[in-house]
Amino acid sequence: MRLKAFVGPLGDDFPSIFPIVAGVLLFFGTLAYAAGVIDEKNSYFEVRKASLGLAYILTQKGRLSQMEFKSLCDTQAVDYARSKGVKFYAALVPQCDGVKFYDDFRDSVTAGSYEPESCSLTKQGETLDLAEVAKKNPVVVNYPMAVPCPSAGAYTYGLGTVSVVVWR
Amino acid sequence: MKAQAAIFDGITFLLLTMFSVSLMYVTVAGYGQQEDAVMRSAHVMNYMQSFTKSIYFVNAQTLAKICSPSDDSCFREGQVYPWYAGLNDADTGCNALKDYLGSISVTDLLKRDLADPGITLLDDKYGGIPARGKTATRCAAKELMKPFIAAGYKYYLEVVDPTSRQLYSNGDPVPIAKDSQKITNSDDEKVIGKPGQENYERMSGCEEAVKAGYKVLSVSAPFRVTPAKDESSTQETGAEKHFVLRVCIWPSA
């Protein structure tokens with residue numbers, strides 16, 4: 001009887017191959033998944049860190065005229081974003097009659113009491129399309145800022161925001 | 001027997017694999033939570049710092065339209081929110097700021113309000129003359145703290161007379177005018193007290209919020225005020241006083 005059940009060294013171990021293969025596949029599959037998720041999270045953190053860094057640059061003063069904003073953006077912010085390997089769009093949005101925040105960031109960066117000043121860093125030769133940016137899961141941060149009010153050339157300063165949109 | 005032993009080994013291996021896989025999932029799920037919290041806190045801090053910086057430059061007269069009848073964020077069903085009470089008043093609310101010169105900022109008014117001769121009080125007056133520092137700060141805070149308000153946070157602003165000038169450590173809040181509104185969007189009596197109650201004018205909302213168990217984030221900005229000389233006093237007054245503007249936020253319950 002014992003000899004009948006014996007189907008050879010490989011035959012006897014054969015049933016155990018299925019759980020072993022399943023275990024190995026599950027382990028390496030999970031390992032690959034975990035590495036992917038961690039990479040994705042790290043990449044998102046890098047973008048968030050870059051958005052904070054850009055915000056620190058653009059909010060170093062409590063008030064900005066359009067010219068000051070443009071100069072700050074074109075010199076320091078663009079270099080910073082380039083060094084971090086991210087693209088960005090920043091806008092100085094005048095909200096002279098009261099601050100408004102919208103669900104869609106595209107409205108927040110374009111709807112102002114007068115034409116907002118903006119600057120950006122995109123891929124070379126690429127034109128900025130905020131609808132395309134919205135699909136790339138960008139990080140959007142807004143900060144208060146005193147801006148010329150009621151017009152861009154006014155000597156009085158009123159309510160406004162600095163909006164920074166960062167993506168890879 | 002040998003085959004059974006082999007499959008038992010296989011199943012044990014699978015169980016061990018599943019255990020290590022579950023550990024990996026737990027690690028992945030928790031990965032970056034602290035970093036996320038730090039960045040969130042950095043963003044909030046930078047926002048609050050930007051707020052304190054910007055009110056130094058926002059000219060009071062540009063806030064005149066805040067809480068006007070067309071400002072929906074001030075009213076609910078035609079009634080002004082209790083924490084914004086008075087801001088819609090045409091003569092003493094935000095609208096009254098339109099009469100100030102274009103060069104006067106919110107902080108200029110706040111400093112003037114605190115420079116009363118003899119007593120330091122946030123009462124919208126400089127001596128007997130209107131100096132709507134508290135109102136201007138309330139109007140500016142109502143607008144600039146909107147992202148936090150929308151996210152369900154409460155804010156509280158107070159001027160503190162610090163006990164130490166070197167470290168700008170905690171001190172006593174500068175009292176507000178008797179039973180007047182505080183610079184907040186909270187109606188929690190544990191934090192802001194109740195008009196008429198003892199010490200209502202001298203309560204520190206930030207400290208009360210901590211005592212009430214809220215998770216409070218605060219930013220302090222030092223500033224100086226040169227008080228007017230008190231004619232009735234024989235002491236030399238008019239020396240510079242150091243204050244701290246403290247902004248606190250906490251998630252509402």
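Nothing here was measured: the structure is a model prediction, and the numbers come from that model. Reminder, nothing fancy here: chain letters follow the sequence lines and each chain counts from 1. Just so you know, these numbers use all the heavy atoms, side chains as well, and skip hydrogens, waters and symmetry mates.
The environment of OH in B/Tyr153 is sparse: at most 12 heavy-atom neighbours from other residues, nucleotides or ligands sit within 6.0 Å. In the displayed structure, A/Lys87 atom NZ is contacted under 6.0 Å by more than 12 heavy atoms of other residues, nucleotides or ligands.
Qualifying side chain to side chain contact (heavy atoms under 4.5 Å, CB included) partners for B/Ile129, counting only residues two or more places apart in sequence or in other chains: B/Tyr126. Under the rule for a salt bridge (Lys or Arg N to Asp or Glu O under 4.0 Å), A/Lys84 has no partner lying at least two apart in sequence or in another chain.
The greatest number of non-hydrogen atom pairs below 4.5 Å with chain B, out of A/Val162, A/Val21, A/Leu64, A/Asp97, is found for A/Asp97. For the set A/Gly23, A/Gly160, A/Ala22, A/Ala154, the entry with the most heavy-atom pairs within less than 4.5 Å of chain B is A/Gly23. Each of B/Cys139, B/Ser103, B/Gly102, B/Pro147 has some count of heavy-atom pairs under 4.5 Å with chain A, and the biggest count is that of B/Pro147. Chain B forms the most heavy-atom pairs under 4.5 Å with one residue out of A/Asn42, A/Val37, A/Val141, and that residue is A/Asn42. Of the listed residues (A/Phe101, A/Tyr143, A/Phe18), the one with the most heavy-atom contacts under 4.5 Å to chain B is A/Tyr143. Taking chain B as the reference chain and counting heavy-atom pairs below 4.5 Å, the highest number among A/Gly158, A/Pro144, A/Gly62 is found for A/Pro144.
The shortest side-chain heavy-atom distance between A/Leu159 and B/Ile66 falls under the 4.5 Å cut-off. Counting heavy atoms from C-beta outward, A/Tyr157 and B/Asn59 have side chains that approach closer than 4.5 Å. Side-chain contact check for B/Leu14 versus A/Ile20: every heavy-atom pair is 4.5 Å or farther apart.
A centroid separation of less than 6.0 Å is found between the aromatic rings of B/Tyr25 and A/Tyr33.
Note that CZ of A/Arg48 is 8.5 Å distant from CD of B/Glu35, once rounded to the nearest 0.5 Å. Here the straight-line distance linking atom CZ of A/Arg63 with atom OG of B/Ser54 works out to 12.0 Å at 0.5 Å rounding. Atom CD in B/Glu143 sits 11.5 Å away from atom OG1 in A/Thr161 (nearest 0.5 Å). Taking OG from B/Ser20 and CG from A/Leu26, the interatomic distance works out to 8.0 Å, rounded to the nearest 0.5 Å. To the nearest 0.5 angstrom, A/Thr156 atom OG1 is 12.5 Å from B/Ile104 atom CD1. Between B/Phe13 atom CZ and A/Phe27 atom CZ the span is 8.5 Å, to the nearest 0.5 Å.
Looking at B/Leu63, the atoms closer than 4.5 Å to chain A (heavy atoms on both sides) all sit in the side chain, from C-beta outward. Looking at A/Gln95, neither its backbone nor its side chain comes within 4.5 Å of chain B, counting heavy atoms on both sides. There is no contact between A/Val147 and chain B, counting heavy-atom distances below 4.5 Å.
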Go through it in stages, so that I can follow the logic: the residues are B/Asp9 and A/Ser16, the test is side chain to side chain contact (heavy atoms under 4.5 Å, CB included), and I'd like the CA-CA distance, side-chain angles, deciding distance and then a yes or no. CA-CA 7 Å; B/Asp9 288 351; A/Ser16 69; 5.6 Å; no
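A donor-acceptor pair under 3.5 Å is absent between the side-chain atoms of A/Lys41 and the main chain of B/Gln33, judged by distance alone. A donor-acceptor distance shorter than 3.5 angstrom exists from the side chain of B/Lys146 to the backbone of A/Val99, with no hydrogens or angles considered.
Interface with chain A: from residues 69-101 of chain B, no residue qualifies, criterion being any non-hydrogen pair under 4.5 Å. Heavy-atom proximity under 4.5 angstrom to chain A picks out B/Asp36, B/Met39, B/Arg40, B/Ala42, B/His43, B/Asn46, B/Tyr47 from residues 36-49 of chain B.
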